[in-house]
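Some notes on the structure that comes next.
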Number of protein chains: 2
Amino acid sequence: MLDTVADRTTARKSSERKSSDERRDDIIRATLGLVARKGFAGVTLREVATEVGVVHGLIRHYFASRDDLVAAAFDFAVSSELESDRALLDGLDPLSALAGWLAATPENHYRVWIDAWSEAARTPPLAAALDRHHRDCERILTAVIERVVDAGLGASADPAADSRLLTAVADGVAVQHHAVGVIDVDEADAIVFGAAESQLGLEPGALARVNPVPARGQWAGDAAR
Amino acid sequence: MLDTVADRTTARKSSERKSSDERRDDIIRATLGLVARKGFAGVTLREVATEVGVVHGLIRHYFASRDDLVAAAFDFAVSSELESDRALLDGLDPLSALAGWLAATPENHYRVWIDAWSEAARTPPLAAALDRHHRDCERILTAVIERVVDAGLGASADPAADSRLLTAVADGVAVQHHAVGVIDVDEADAIVFGAAESQLGLEPGALARVNPVPARGQWAGDAAR
DNA sequence: TCCTTTGTTGTCCAACTGGATAACAACGCT
DNA sequence: AGCGTTGTTATCCAGTTGGACAACAAAGGA
């Protein structure tokens, strides 16, 4: 009952051979779905491979290590989100852009961020990606603040510092809302908008009145839920 | 070269036999140190055992399962920290208490919290403990705010809401500081103090001038670093 | 056509995990 | 002193993980 080389060859039903980019994309999307469901620490090569429909060895053909895969997935999710956000914000008036950026983001997004904060301490490639993206976010928000100031709608002595402040507030509010559930979405927006109005000298309620707040883009992993 | 039963017996150098409570405490402290360094998912019975100086089998003599151990450690950390903080704050004047509560906490503490936020989404018992903990924190800070108001030092239309707001700011700042490293400890304190002063109508710099900011209690896991 | 490249599989491996269990040893009770 | 309780060790186990590797197969260029 030994099988010959020919037997094994015939038995091998290969999944379609895809182009490098296509397969790479499949793997990253599957990884993102897994991250959303089980966190960064819960991503295993075998599970990703199963979801893609290939053998776990193939993953290593595309990513040098598990950590690299996870970092690449995070990188992809965040940069695609940032890209669409940046494009969206550019088409809005300054106040709408500010409100749009600060408004509560979909739950999936923040779950990934929170997981990344936690896991980055132990996964250097993730830490690098996280750092890069936080600085990108700071830069985007700084630009938005400068647009508000240039339009004469508000004031800021140090747009970059105000950007860091508002990012901190938004992140803290997101944690309280998504991870802890102590505050609801309305209180979350109220806190962040209030902080921005107070810090930038806007008239109270200026941001809440921007209606409707433009929806932030959905990232790739959302479909995989 | 087979060793007899007697040989093995003599070779066995047992670590001192400790009382049940004492050993249990050792294990929990070691677990907390491990959680701080490697996250909840990174806690392994063998590593805990090594740190305590015993064999991994012994851990199961005290805790039914790995998950039970982790949950017990988190419960212990949270309740002991809150207890000591509450006692500490009671002995201070209102402004010092407020500054003490809002000042940046040791890195270890926030590491554990960030991990808990991340892990809670997948571990219901942890989510319950986290929820309890955050509500306790809200209650403590609300009481401190009320003391500030009663002393005529500041004003608050809704102390509980202000407590949630300041907690969100503190948590967000802690994330930016500990997990991302975008802001340093001085900027962190400046942001949180500024938010509190603005929200409660204190004179600017009132909290920063409280000197020295009373140190928050160290919890058990700190020693294990 | 031959040959190189590269997508893909199947299989092996060493490390590590949580858990179970038998034997041993210190302690307290009577 | 005898005896049960329990703190403690030393092993065994089955499962999972990330990684390495040889072999195969589909493309594509010359």
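Just so we're on the same page: letters track the sequence lines, and every chain starts at 1.
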Under 3.5 Å donor-acceptor, Arg24(A) side chain and Tyr62(A) backbone: yes
Presence of His61(B) side-chain N/O under 4.0 Å of dT8(D) phosphate oxygens OP1/OP2: no
Side-chain donor-acceptor contact under 3.5 Å, Asp67(A) with Thr123(A): no
Intermediate values then yes/no, ring-ring contact (aromatic ring centres under 6.0 Å, His included), Phe40(A) and Trp117(A): CA-CA 10 Å; Phe40(A) 283 99; Trp117(A) 294 334; over 10 Å; no
Annotated protein contacts, base or backbone, on nucleotides 12-17 of chain D with a non-hydrogen cut-off under 4.0 Å, one of B, S, - each: -----B
Nucleotide dT9(D), atom P - distance to OH of Tyr62(B) in whole Å: 10 Å
Spacing between Asp21(A) atom CG and dG7(C) atom C1', to the nearest angstrom: 13 Å
Length of the NZ-P vector between Lys18(B) and dT8(D), whole Å: 9 Å
Exam field: side chain Thr31(B) to backbone Ala73(B), donor-acceptor pair closer than 3.5 Å: no
Extract all donor-acceptor atom pairs below 3.5 Å that involve side chains of residues 173-180 of chain A and protein atoms in other chains or at least two apart in sequence.
unit_1	atom_1	unit_2	atom_2	d
Gln176(A)	NE2	Asp171(B)	OD2	2.4
His177(A)	ND1	Ile183(A)	O	3.0
His178(A)	NE2	Thr105(A)	O	3.2

Sugar-phosphate only, base, or nothing, as touched by Ser65(B) at under 4.0 Å among non-hydrogen atoms: sugar-phosphate
Nearest-Å distance for atom pair CZ/C1', residues Arg24(A) and dT8(C): 16 Å
Sugar-phosphate only, base, or nothing, as touched by Ser19(A) at under 4.0 Å among non-hydrogen atoms: nothing
Intermediate values then yes/no, salt bridge (charged side-chain N to carboxylate O under 4.0 Å, His left out), Arg86(A) and Asp90(A): CA-CA 6 Å; Arg86(A) 200 187 301 240; Asp90(A) 278 350; over 6 Å; no
Value in whole Å for how far the P atom of dG19(D) lies from CG of Asp68(A): 9 Å
Residue-phosphate contact under 4.0 Å: Arg60(A) side-chain N/O, dC21(D) OP1/OP2: no
Spacing of Leu58(A) atom CG relative to dT9(C) atom C1', expressed in whole Å: 9 Å
Integer-rounded Å distance: dT6(D) P and Arg17(B) CZ: 10 Å
Val54(B), nearest nucleotide to its side chain (from dT9(D), dT9(C), dT6(C)): dT9(D)
Donor-acceptor under 3.5 Å (Ser118(A) side chain, Ile114(B) main chain): no
